[in-house]
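What follows is a set of notes on a single structure, which appears directly below.
Below, each value reflects all heavy atoms present in this structure, side chains not excepted, and no hydrogens, waters or symmetry copies. For reference, positions follow the sequence shown, starting with 1.
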Amino acid sequence: MFRVSNFVVGLANTLVMLVGVSAIGYSIYMFVHQDVTDCESAIRAPLLTTGIILFVVSLIGVIGSCFKENLAMVSYLIILFAGILALMIFSIFLFFVTNKGAGHVVSGRGYREYRTVDFSTWLNGFVGGKRWVGIRSCLAEASVCDDLGDGRVSQIADVFYHKNLSPIQVFSLFECNFISVTNVLKHRQ
C-alpha cells in the first residue's frame with residue numbers, strides 16, 4: 001500500500017511538473033517573440049511565475065515521494081497547506097471586494113443592473129484607467145462583440161430586454177455599441 005500511494009503522489013506531481021514546464025515554455029516564447037497581442041503580453045510574467053512555482057513545488061513532491069525523503073515530503077505538505085490557506089484567504093478577499101456588486105433587479109428585464117459604485121472603491125481604482133484600456137482591448141481581441149452580435153442582440157427590444165444575460169454580456173453590449181445608454185434609459189420608463 002505504501003508503494004502505491006507514493007507512486008500516485010509521484011505520478012500526480014510529475015503531471016503537474018509537466019504543466020509547469022509548459023507554462024514556463026509558453027511564457028518564454030512570449031518574451032522572445034515580440035509580436036504577441038496585448039492580452040498575451042499581460043499574462044507573460046504571471047504565467048512564468050505560476051509555472052516556476054508549480055515546477056518547484058511538484059519537484060519537491062516527486063523527490064519526497066519517489067526517493068523517500070522525509071524533509072522534502074514535509075516541506076511539500078507545508079507548501080500545499082500554505083497554498084490552500086492562501087486560496088481561502090483570496091476567496092474571502094474577493095467576496096468582500098465584490099460583495100455589494102450583486103446587482104439590482106430591474107423590473108421586467110432578464111438582467112440585473114450593475115453600477116460601478118456598487119463595487120468597492122479598491123476594485124474601482126484597480127480596474128479603472130490604464131487597466132481598463134487593456135481589459136477593453138482583450139474583450140475586442142476575444143471577439144466578444146462578434147459573439148454577442150450573432151443575432152442574440154439584433155432582436156426587437158422587448159425580446160432582448162427579457163434575455164437572461166450575464167453582467168459581462170450586458171456591459172460588453174454597451175462597449176460594442178450594440179445598445180446605447182439612452183436606448184436603455186428610454187425603454188426603462
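- A side chain to side chain contact (heavy atoms under 4.5 Å, CB included) with I60 holds for exactly one of V57, I63, V56; it is V56.
- Cluster membership for V21 and V32, using ILVMFWY side-chain heavy atoms within less than 4.5 angstrom, is shared.
- Atom-to-atom distance recorded for L48:CG and I53:CD1 is 10.0 Å, nearest 0.5 angstrom.
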Distance-only criterion, 3.5 Å: show the donor-acceptor pairs between side-chain atoms of residues 7-19 and protein atoms not counting sequence neighbours.
residue : atom : partner : partner atom : Å
N13     : OD1  : Y76     : OH           : 2.9
N13     : ND2  : V9      : O            : 2.9
N13     : ND2  : Y76     : OH           : 3.3
T14     : OG1  : G10     : O            : 2.6

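- Transitive grouping of hydrophobic side chains (ILVMFWY, heavy atoms separated by less than 4.5 Å) keeps I28 and I43 in distinct clusters.
- Residue V74 is found in a hydrophobic cluster whose other members, listed by chain and number, are I78; membership requires side-chain heavy atoms under 4.5 Å apart, directly or through intermediates.
- Looking at residues two or more places apart in sequence or on another chain, you find a side-chain contact (heavy atoms from CB on, under 4.5 Å) between Y26 and Y29, M30, E40, L47.
- Placement of L54 and M73 in two distinct hydrophobic clusters is found when ILVMFWY residues are connected by side-chain heavy-atom separations under 4.5 Å, directly or transitively.
- When all heavy atoms are compared, the tightest approach of G51 to A23 is CA-CB, 3.8 Å.
- With values rounded to the nearest 0.5 angstrom, I84 atom CD1 is found 12.5 Å from I79 atom CD1.
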